[in-house]
Novice: 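The structure that follows is given in the form of structure tokens.
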Number of protein chains: 2
Amino acid sequence: MSTHAAARVAAPTRREQILREAARLFAERGFHGVGVDEIGAAVGISGPGLYRHFPGKDAMLAELLVGISERLLAGGKLRVTEGGASRGGSPDALLDALIAGHIDFALDDRPLITLHDRELDRLRDTDRKRVRQLQRQYVEVWVEAVRALYPSLPESEARVTVHAVFGLLNSTPHLTRPEALPDRTATAALLHRLARGAFAAAAS
Amino acid sequence: MSTHAAARVAAPTRREQILREAARLFAERGFHGVGVDEIGAAVGISGPGLYRHFPGKDAMLAELLVGISERLLAGGKLRVTEGGASRGGSPDALLDALIAGHIDFALDDRPLITLHDRELDRLRDTDRKRVRQLQRQYVEVWVEAVRALYPSLPESEARVTVHAVFGLLNSTPHLTRPEALPDRTATAALLHRLARGAFAAAAS
DNA sequence: GCAATGCGTTAACGCTCATTAACTCTGATC
DNA sequence: GATCAGAGTTAATGAGCGTTAACGCATTGC
């Protein structure tokens, strides 16, 4: 059906190649710091060739940011429903699941995490509003989970705390030399501990 | 001596006005997203008039980033020497002082904090190296303080933890509506608790 | 009084860069 | 085997923007 090999993973389409490379370049040098020629070169075609796949440079950024926000929120919601049903269902387990999911995201999709809070303002009004709305909903999922676990924590403090923990979990993509990190599972475990420590401290 | 009024605070010089407004604008819309005309307008002069005070737009960003890095490091070093001598001198008190100082910075100079990790790549090589070096030294001050308090914590984990706590403490300037924060002292206290909680969890 | 200097102004220049135009080539489809 | 669509190419266009030129005008120091 596909080009060659009954490969387990589908060959990445040109669009996907472009998005991945654009994400990397935008994260490295900023949206305005990257030219379309550069993005094209990164996938082996030349600048204007990109316009066969996207209506413009803005559209690439928009698709990246909307995409990441949607995936984050979907993952969060999924864990809430899963946690309520099949799994233990304790608030404790839900918070752990949210943290672990976010860490996976931060470690696997560094460029997107970076873009997510750095280039939001370059979007057209309508896209920016959409992303902001998704982000708010994602925060709300966390706030509810935190308050289920620590009912005494006021909502405003819970919200600030959730934002702060996002800053904490998203810190590794900002590192200059990510190769200086311990191996992935150790880093994930450490970040998880830090986040739980912060939440526990918030409630004390 | 000055223009008018024996004011307690010196009237801000034109240079300082420009730097403050440039910092705000750069933080809001990114270095490339702000034109010199806009910066000029923010201080009541017109675009090219800025060139009487700075050799170029890059120079403004450079001065901002080098300045903030120097002030952060100087503050950190000061607290180390103070803590060792006059104050209690316990590792515990030193870490508290570092955290409190950084929080003051994050809450009082939001735009600079934002620029600090967002626009570093727009600097000329020489300036960028200088800023990176100052940042590294600042991290080192924290790492030593943390390890003095928690000697069992391996250095690599301490370093990741310090970065993560910076992300946590720097999270408030990224908030969309900073007016939704609790009042300043309450926010500072909450952030302080979160940071201590994270460090404690790192060491467990 | 009168150069010199500091601090502005507006107009022009030139470069970068996203986007569009005008073609070409390959490979299905009927 | 002709046609058509998809996916590229290079060359041109045009806007935006940092920077420089050329000039005005106070204020200061001699």
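Every value quoted in this text rests on a predicted model; they were computed, and no experiment measured them. Atoms considered below: every heavy atom in the structure, side chains included; atoms not considered: hydrogens, waters and symmetry mates. So you know, we letter chains A, B, ... as the sequences are listed, proteins then strands, and number each from 1.
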Novice: So, are R24(A) and E21(A) salt-bridged, with charged N and O less than 4.0 Å apart?
Specialist: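 Judged by the 4.0 Å cut-off on N to carboxylate O distance, R24(A) and E21(A) do form a salt bridge.
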
Novice: In whole angstrom, what separates R15(B)'s CZ from dG6(C)'s P?
Specialist: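 From R15(B) CZ to dG6(C) P: 14 Å.
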
Novice: Ignoring backbone atoms, establish whether H53(B) has a side-chain N or O less than 4.0 Å from OP1 or OP2 of dG6(C).
Specialist: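 For H53(B), the contact criterion (side-chain N or O under 4.0 Å from OP1 or OP2 of dG6(C)) is not met.
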
Novice: Find the distance F31(A):CZ to dG16(D):C1' and express it as a whole number of Å.
Specialist: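 In whole Å, dG16(D) C1' and F31(A) CZ are 15 Å from each other.
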
Novice: What is the separation between atom CZ on F54(A) and atom C1' on dA7(D), rounded to the nearest whole Å?
Specialist: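 Interatomic distance, CZ of F54(A) to C1' of dA7(D): 14 Å.
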
Novice: State whether the number of non-hydrogen atoms from other residues, nucleotides or ligands found under 6.0 Å of R130(A) atom CZ is greater than 12.
Specialist: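 Not buried by this count: 12 neighbours or fewer within 6.0 Å.
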
Novice: Atom NE2 of H32(B) to atom C1' of dT19(D): distance rounded to whole Å?
Specialist: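 One finds 16 Å between C1' of dT19(D) and NE2 of H32(B), rounded.
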
Novice: How many Å lie between CZ on F26(B) and C1' on dC17(D), as a whole number?
Specialist: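 About 13 Å, once rounded to whole Å.
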
Novice: Determine yes or no for a side-chain-to-main-chain donor-acceptor pair under 3.5 angstrom, with R124(B) supplying the side chain and A59(B) the backbone.
Specialist: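 Looks like no, no N/O pair under 3.5 Å.
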
Novice: Starting at the 5' end of nucleotides 19-26 of chain C, put B wherever the base has a protein heavy atom under 4.0 Å, S where only the sugar-phosphate does, and a dash everywhere else.
Specialist: BB-BB---

Novice: Classify the ring geometry of W142(A) against H102(A): parallel below 30°, tilted from 30° to 60°, perpendicular beyond 60°.
Specialist: perpendicular

Novice: Mind checking G49(B) for me? I need base, sugar-phosphate or nothing, with any heavy atom below 4.0 Å counting as a touch.
Specialist: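 Base contact.
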
Novice: So does D108(B) pair up with R184(B), basic N to acidic O under 4.0 Å?
Specialist: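 R184(B) and D108(B): salt-bridged.
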
Novice: Are any of the side-chain nitrogens in R196(B) or D92(B) under 4.0 Å away from the carboxylate oxygens of its partner?
Specialist: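 The answer is yes: the pair qualifies as a salt bridge.
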
Novice: Using a strict cut-off of less than 4.0 Å between a Lys/Arg side-chain nitrogen and an Asp/Glu carboxylate oxygen, indicate whether R20(A) and E16(A) qualify as a salt bridge.
Specialist: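 So R20(A) does not pair with E16(A) through a salt bridge.
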
Novice: In whole angstroms, how far is the C1' atom of dT20(D) from the CG atom of L50(B)?
Specialist: 14 Å

Novice: Using five base pairs at each end, measure the axis-to-axis angle across the helix from dG1(C)-dC30(D) to dC30(C)-dG1(D) and round it to 10 degrees.
Specialist: 0°

Novice: Would you say the side-chain atoms of R79(A) pair up with the backbone N or O of L94(A), donor to acceptor, closer than 3.5 Å?
Specialist: no

Novice: Just call it for V34(B): base, sugar-phosphate, or nothing, with non-hydrogen atoms closer than 4.0 Å on any strand.
Specialist: sugar-phosphate

Novice: Charged N to carboxylate O below 4.0 Å: is that the case for R136(A) and E140(A)?
Specialist: no

